[in-house]
Every structure is written in structure tokens, then in C-alpha cells.
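All chains are named by letter (A, B, ...) in the order of the sequence lines, taking the proteins before the strands, and each is independently numbered beginning at 1.
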Amino acid sequence: MAGIEVSALHKRYPDGTVAVDHVDLSIGDGELFVMLGPSGCGKTTTLRAIAGLERQTTGDIRIGNTLVNDLPPAERDIAMVFQFYALYPHLRTRDNLAFPLRAEGLPKAEVRERVDEVARLMRLAPLLDRRPRRLSGGEQQRVALARALVRRPQAFLMDEPLTNLDAELRADMRTEIKHLQGELGTTMVYVTHDQVEAMSLGHRIAILNKGRVEQIGTPLEVYERPASLFCAAFIGSPPINLIEVEVADGKLRSQGGLVLTPPPGLPRDRCLVAGVRPEALEVTEPGAERSVPARVASAEWLGDEIIYVVDHGGQRDVRVRMPPTGRFAADAAVGLRHTGGTPAVYDVSTEELVA
Amino acid sequence: MAVSVDEAVSAGPVRDHTPPARRRGGRGRSVLEVALLAVLAVVMLFPVLWMIQTSIKENRDVYAIPAKFFDFQVTMDHFKDVFVASGGGRSALSVSFLNSVVVAGASTVLATVLGVPAAWAYSRFAVKAKKDQLFFILSTRFMPPVVVVIPIFLMYRQVGLIDTKLGLILIYAAYNLPFTIWMMKGFVDEVPAEYEDAAMLDGYTRLQAFRRFTLPLLVPGIAATAVFALIFSWNEFVFAIFLTSSDDVRTAPPAIAGLIGGTTVDWGLVAAASVVFALPVLVFAYLVRKHLVAGVTLGAVRR
Ligand SMILES: Nc1ncnc2c1ncn2[C@@H]1O[C@H](COP(=O)(O)OP(=O)(O)OP(=O)(O)O)[C@@H](O)[C@H]1O
Ligand SMILES: [Mg+2]
């Protein structure tokens with residue numbers, strides 16, 4: 001097992017597309033590292049470069065202590081699971097699993113043993129004699145995972161492995177992958193564009209945008225202090241409220257009159273935006289203490305919570321997440337109150353976190 | 001041949017998309033349809049039937065006026081004449097058939113062996129000016145053989161390929177190669193590249209990955225493509241008649257054509273030779289008909 005070190009990785013396709021733009025990643029040994037980003041941000045390209053399926057234009061990739069830039073995929077000792085599972089259609093599950101081992105030239109008895117072991121681990125025993133065509137999507141996915149596991153590689157690379165599954169199965173598989181990774185302690189790089197998947201799986205998350213890394217951090221860090229407006233908007237559902245604020249009398253004031261505690265070291269004379277999570281706001285009776293007058297534009301009751309869209313005279317309506325008790329009707333006059341701590345503040349022109 | 005591909009492709013969808021209203025056009029309509037199709041079939045098949053009839057008629061029945069359709073003596077003499085010379089031993093025609101087998105077979109194998117890896121490379125790799133290259137390759141097929149046959153003749157005379165089977169094999173392979181590349185590229189595009197990626201991560205080299213995973217999935221496509229190439233080489237006439245002259249090199253098409261044009265024409269022999277000539281293509285196309293249909297419709301279906 002080994003960590004993966006990616007430094008100044010740059011990939012320009014022959015048609016001129018820059019898919020990965022000087023990306024640095026330092027993935028620890030045994031870490032479950034998630035790369036998150038919208039479609040086309042270069043996640044797959046980065047992963048394929050690590051696997052050796054794509055040659056980077058410039059930059060270095062190290063697996064363990066080995067510089068693997070010039071090593072073919074076969075010699076990098078990593079396994080990859082594709083979004084499209086890529087099970088060999090003409091082979092039964094058993095042979096699909098045995099394939100990487102036979103390629104290594106392991107003796108027959110050991111191949112058998114390892115296949116049985118991984119089949120037990122992934123509960124594939126009843127499927128061993130079927131061909132991929134006769135497996136459901138979820139089963140194919142499990143076989144694909146098992147095929148990655150069976151080789152006991154130095155690292156796993158997963159490219160949106162759950163995208164083709166339905167929601168319920170996806171949640172199950174997510175748990176399973178997390179559990180397996182913890183059990184085996186093998187480094188895993190997991191690519192997804194689903195923030196829920198990223199938050200629930202990752203030890204650390206790298207958020208990519210247009211081929212660049214916007215932020216790397218634990219799920220909590222990424223959620224609490226997004227490094228840029230892009231990250232702020234990308235993580236969280238319902239999305240974060242971006243409220244234009246001004247610094248006055250040592251406070252942050254929004255157009256609608258909301259008052260927030262400013263973080264220390266704020267620059268003056270700049271257009272600022274505060275990122276306020278929906279759960280850091282509260283809808284109150286009108287005229288409650290520290291509240292500003294507001295109006296409920298709409299209310300979405302989700303069973304365990306209510307999402308209010310509230311108009312408080314600011315430029316944009318804000319979203320508020322509330323427990324399902326205390327329901328305010330749409331159009332009701334209410335109060336709006338900030339209950340969270342210091343918000344993250346961004347410069348509008350650079351779109352970066354300023355404090 | 002390219003034309004037949006297009007026809008086959010468009011034939012399928014058109015039939016499938018016939019609106020139900022037209023299908024339920026009533027009894028009169030379907031009777032009319034059947035009648036028209038029957039007339040068409042008779043017109044299309046009459047020459048073929050006539051050829052087959054002539055091949056099994058006695059000579060005096062062949063020349064009978066009015067023509068005898070049913071009450072003639074069946075004989076296999078013409079077929080014997082195709083293979084056995086009048087004085088015993090092998091006939092010139094049988095030699096030409098053998099030449100056709102060798103030339104068509106070898107040129108098809110050559111075009112396939114060169115074309116399949118080329119198609120794979122064009123499908124999988126980022127090649128500079130890929131579209132232009134592919135267009136250039138295809139454009140070599142735009143010209144009918146008769147346009148280039150004189151330059152080829154002169155070139156062949158210089159390098160000593162005139163009147164050799166090798167010469168024919170090379171020119172047929174060259175003619176089939178663009179077609180093979182284009183048709184096979186469609187098939188390779190259909191096979192997800194992830195199979196090869198996965199195999200490479202499993203420890204195979206790129207070529208091994210191609211050979212062990214992609215190639216088996218391409219077999220139906222290769223069969224379909226090869227049949228098309230084979231049929232082209234088997235039927236080819238212009239190059240054959242210009243580039244070969246001696247009996248032991250000549251392929252069947254010019255040899256059969258050579259039977260016509262003397263002072264007397266042995267129509268029975270011509271017909272029998274034509275039947276023998278047509279049979280292999282029919283049989284072969286029939287054997288791989290499933291692949292042929294898959295082959296010509298595969299590209300038309302979007303996943
Ligand atoms: N072979 C290629 N040639 C040219 N451009 C490419 C190629 N592969 C990808 N790209 C481009 O590079 C960029 C990054 O692609 P990539 O596949 O890495 O995105 P991704 O983050 O994996 O997106 P998705 O979530 O949709 O899978 C995209 O703009 C894409 O169009
Ligand atoms: Mg991708």
C-alpha cells in the first residue's frame with residue numbers, strides 16, 4: 001500500500017482542451033480521497049493519468065516512492081473501477097475475477113483461493129457462474145469492485161462507480177465501499193460529481209473546477225469554510241446563501257438589515273459576500289429579538305425539515321432550514337435571525353475566501 | 001459494394017418506421033403489394049433462372065426456338081466441361097476458378113490483417129488530422145478501377161507484376177483496405193475502450209489487451225467486412241482483364257467472359273461456369289448472413 005503524490009499535473013489534449021491545469025494532490029497512505037467536481041472538470045482525466053491510461057503533458061505522479069510517469073498501467077500496481085463496469089462480456093463472473101490474477105501468473109490453486117475469498121467478501125458466490133449480461137447493474141458493480149479487490153493492489157481508483165445505480169442501491173454500495181476501504185486500509189481515490197457521496201465517503205475531499213483544484217479539506221472543512229464562491233455554491237443542499245454585505249461599525253450588514261459577526265482581518269472597501277448556510281438562519285415570529293422583518297416566499301415541507309425561502313428585502317431571497325415544528329405559512333410576515341457563528345466572507349471580484 | 005452497404009442500412013429502418021396506418025391499408029393493398037413484389041421478383045430472378053436452366057440443358061435445347069422452358073433433357077455435361085478439359089485433365093476454366101479462390105482469399109486476408117489494426121488505431125488513438133486522414137483513405141475508393149487501371153498497368157509492367165497472381169492480390173487488397181478500415185472502425189467504436197483500459201490495468205500490454213479482449217468482440221464485424229471484401233475481389237473484372245493475360249494466372253470473371261466472343265459460343269458452358277462462379281458467394285453470404293445484417297445495421301443503432 002502506498003500514498004499517491006501528484007505534482008503540477010497538467011494535461012492538454014491534442015485538440016487543445018486543457019483538462020487538468022497544474023493540479024497538486026497529496027494523498028496519504030490508506031486514505032479515502034474523493035475528487036469532487038462538476039462534469040468536465042477533469043476528474044476522469046486526472047484519474048486516468050494516475051492509472052497510466054493517459055499520459056500527462058507535464059507534471060509528476062508518484063505512487064509510494066516510485067516515480068511512475070513512464071510506467072505502463074500494468075506496472076503501477078493499481079486497480080480501477082470504471083463508471084461503465086468493463087466486465088469482460090464473454091467471461092463468467094468467476095473468470096472475470098480470476099483474470100487479473102492469471103495475468104500475474106499466479107498458480108491455479110491460489111487463484112481459486114483468492115477468487116473464493118473475494119467472492120465471500122462481496123457476497124458474490126451465487127453469481128460466480130453467470131456472465132455479465134445476466135447480472136443486474138448492482139451485481140455487475142459488485143463484481144467490478146471485487147475484480148479490483150482481488151489483486152490486492154497498492155491503490156484503488158474509482159471513477160464514479162455508483163452513477164449507474166438507483167438511489168437506494170447507491171446508498172448501500174456507498175456504505176459498503178467505505179467499510180471495505182476501512183477494513184483493507186488501501187489507499188483509494190474516488191471520483192464523483194455527487195456531493196453527498198463525497199461528503200459521506202471521503203476522509204478528504206478535493207473540489208475541482210475547470211481543471212484546477214479549488215479546495216482540499218475534510219468534509220467538515222469543506223462544508224464550513226468553502227475556499228471559494230464556487231466551492232460554497234457546489235457543496236450543500238439546499239445551497240448556501242450568498243448575501244452581499246458591507247462592513248459598518250465593526251459588523252457585517254446586509255441590505256435587508258441582517259447583522260452578522262465579521263471574521264477578524266476583513267479588508268475594507270471591497271464588495272463582499274457572506275456565505276450563510278440555511279441552518280445558520282432562523283425564521284421567527286415577527287418582531288422577535290435580533291430579527292429583521294421578512295416574508296415567507298415559499299415553504300417546502302420535507303418531512304424531517306422545512307426549507308423556507310424568505311424575502312427579507314435583500315437582493316436575493318434566502319433559504320432557511322428549520323425543524324418541522326413551528327410551521328409558518330407561505331406569505332406570512334415573519335422575522336429572520338442569524339444564529340450561526342462567524343460566516344465565511346468572500347471577495348466578489350476574486351471569488352475567493354478573504355476571511 | 002459501398003453502395004450495397006448503404007442500401008442495406010437504409011432498408012431496415014425504412015421498413016421499421018412504416019406507419020401502422022400504411023400497414024393496415026386493407027386487403028386490396030396487401031394483394032397489390034404482393035402482386036407487385038411478385039412481378040419484381042420474376043423480373044429480377046428471370047436472368048438467374050435462365051442461367052441455371054441453360055446450364056443444365058442439352059445444347060440443342062439451348063438453341064431451340066421457341067425457347068424450351070420445361071420439357072428439356074437435364075444434363076450435367078456442361079458442369080463436367082467446366083472442370084474437365086475435353087481431352088481429359090483439368091480445364092482452363094477450373095484453373096481460373098482456383099486462381100479466383102487464391103486471389104480473392106489472399107487479398108481479403110491481406111486487407112483484413114492490415115485494416116483491422118489500422119481501424120483500431122484510428123478508433124482508439126489521438127491521431128493528428130484524423131478526419132483528414134480518414135477522408136483521404138476513403139477517397140481512394142471514389143475512383144472506379146477503370147480510371148486507374150492504365151497507370152497501374154504501366155507501374156506493374158515496370159516492377160514485373162503484370163500477369164501475376166501476386167499483382168492481382170496486391171491491387172485487390174489495396175482496393176479493399178479503405179473499405180475495411182472504414183467499416184471496421186465503426187465496429188471498433190462500438191466496443192467500449194474501457195475493456196482495454198481494464199485489461200491494461202490487469203497487467204496486459206496495449207496490444208495484448210487488443211488481441212485478447214477487443215478482437216474477440218470484433219469477430220462478427222470482421223466476418224461481415226471480410227465477406228464484403230471477398231465478394232469485391234471475387235467479382236472484380238476490370239483489373240483482372242487488364243493486368244492478366246495467361247490462362248494459368250487469369251481469374252474466373254475474365255475467363256468466363258473469354259468464352260463469349262469466338263465464332264461459336266457454347267452458351268451451356270458459359271451458363272454452367274457462371275453458376276459455379278456465383279455459388280460460393282451465395283453460400284458464403286448465406287453462412288454469415290446474421291453477421292452481415294448485424295454488420296450493416298450496427299452503426300445505425302445508437303446506444
Ligand atoms: N480524449 C479527449 N480529447 C479531448 N478532450 C477531452 C478528451 N477527454 C476529455 N476531454 C475534455 O477534457 C475535459 C475534462 O474531461 P474529463 O473526462 O476529465 O471530465 P470529468 O470531470 O471526468 O467529467 P464527468 O463528470 O462528465 O465524467 C472536458 O472538457 C472534456 O471535454
Ligand atoms: Mg468522468
Side-chain angles (χ1 to χ4, degrees), chain A residues 11-17 19 44 47-55 57 71-91 95-106 132 140 143-145 147-148 150-151 153-161, chain B residues 116-118 120-136 184-224 290-291 294-295 298-299 301-303:
Chain A
K11 173 68 189 183
R12 195 171 167 276
Y13 281 107
D15 64 358
T17 319
T44 299
L47 210 61
R48 288 174 61 86
I50 296 174
L53 296 170
E54 206 81 63
R55 175 71 208 231
T57 315
L71 289 186
E75 286 168 36
R76 297 191 182 195
D77 194 17
I78 41 186
M80 184 158 170
V81 176
F82 299 85
Q83 176 179 343
F84 158 84
Y85 316 125
L87 297 174
Y88 306 128
H90 53 293
L91 297 183
D95 298 311
N96 259 299
L97 295 180
F99 223 95
L101 301 176
R102 293 197 186 127
E104 271 176 41
L106 287 187
Q140 287 187 28
V143 176
L145 276 173
R147 192 176 67 181
V150 75
R151 252 181 49 215
Q154 296 209 60
F156 297 121
L157 308 179
M158 309 256 168
D159 191 0
E160 312 204 18
Chain B
V116 172
W120 174 68
Y122 275 115
S123 172
R124 291 286 190 258
F125 295 98
V127 183
K128 273 220 175 78
K130 184 193 279 187
K131 277 197 180 142
D132 301 317
Q133 287 194 28
L134 282 168
F135 179 79
F136 174 77
M184 284 313 300
K185 181 173 176 296
F187 285 107
V188 180
D189 285 345
E190 293 287 322
V191 179
E194 277 95 339
Y195 289 133
E196 283 163 46
D197 293 342
M200 282 196 286
L201 284 163
D202 283 351
Y204 294 94
T205 65
R206 198 173 252 291
L207 278 178
Q208 284 171 331
F210 167 67
R211 215 172 50 80
R212 302 196 56 151
F213 300 102
T214 308
L215 203 56
L217 298 176
L218 287 178
V219 166
I222 294 177
K290 214 171 64 197
H291 297 319
L298 227 161
V301 182
R302 284 280 130 242
R303 280 185 296 172

Q: Is the positively charged end of R124(B) above the ring of F210(B), judged by distance under 6.0 angstrom from the centroid and angle within 45° of the axis?
A: no
Q: Show, in sequence, the C-alpha distance, side-chain angles and deciding distance for D189(B) and Y122(B), and conclude whether the side-chain hydrogen bond (donor to acceptor under 3.5 Å, both in side chains) test is met.
A: CA-CA 9 Å; D189(B) 285 345; Y122(B) 275 115; over 6 Å; no
Q: Mind checking which of residues 127-135 of chain B sit less than 4.5 Å from chain A, heavy atom to heavy atom?
A: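 Near chain A, by residue number: none.
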Q: With respect to chain B, which residue among L87(A), V81(A), L157(A) yields the maximal number of heavy-atom pairs within a distance under 4.5 Å?
A: L87(A)
Q: Is it the case that the side chain of T57(A) and the backbone of R12(A) share a donor-acceptor pair, with hydrogens and angles ignored and the cut-off at 3.5 Å?
A: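 At least one qualifying donor-acceptor pair exists.
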Q: Salt bridge check, D159(A) against R48(A): does any charged N sit closer than 4.0 Å to a carboxylate O?
A: no
Q: Under 4.5 Å from any heavy atom of chain B, what part of L101(A) do you find: side chain, backbone, both or neither?
A: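 L101(A) has no heavy atom closer than 4.5 Å to chain B.
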Q: For P14(A), is it the side chain, the backbone, both or neither that has a heavy atom under 4.5 Å from a heavy atom of chain B?
A: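 Interface part for P14(A): side chain.
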Q: With sequence neighbours left out, which residue pairs that include part of residues 204-224 of chain B fulfil the salt bridge (charged side-chain N to carboxylate O under 4.0 Å, His left out) condition?
A: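 Non-adjacent pairs meeting salt bridge (charged side-chain N to carboxylate O under 4.0 Å, His left out): E196(B)-R206(B).
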Q: Parallel, tilted or perpendicular, judged at 30° and 60°: which one describes the rings of F99(A) and Y88(A)?
A: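 It falls in the perpendicular class, over 60°.
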Q: Suppose the criterion is salt bridge (charged side-chain N to carboxylate O under 4.0 Å, His left out): which pairs have a residue in residues 72-84 of chain A, not counting sequence neighbours?
A: D77(A)-R151(A)
Q: Could you list the residues that satisfy ring-ring contact (aromatic ring centres under 6.0 Å, His included) with F82(A), not counting sequence neighbours?
A: none
Q: Could you tell me which portion of A193(B) (side chain, backbone, both or neither) has an atom closer than 4.5 angstrom to a non-hydrogen atom of chain A?
A: neither
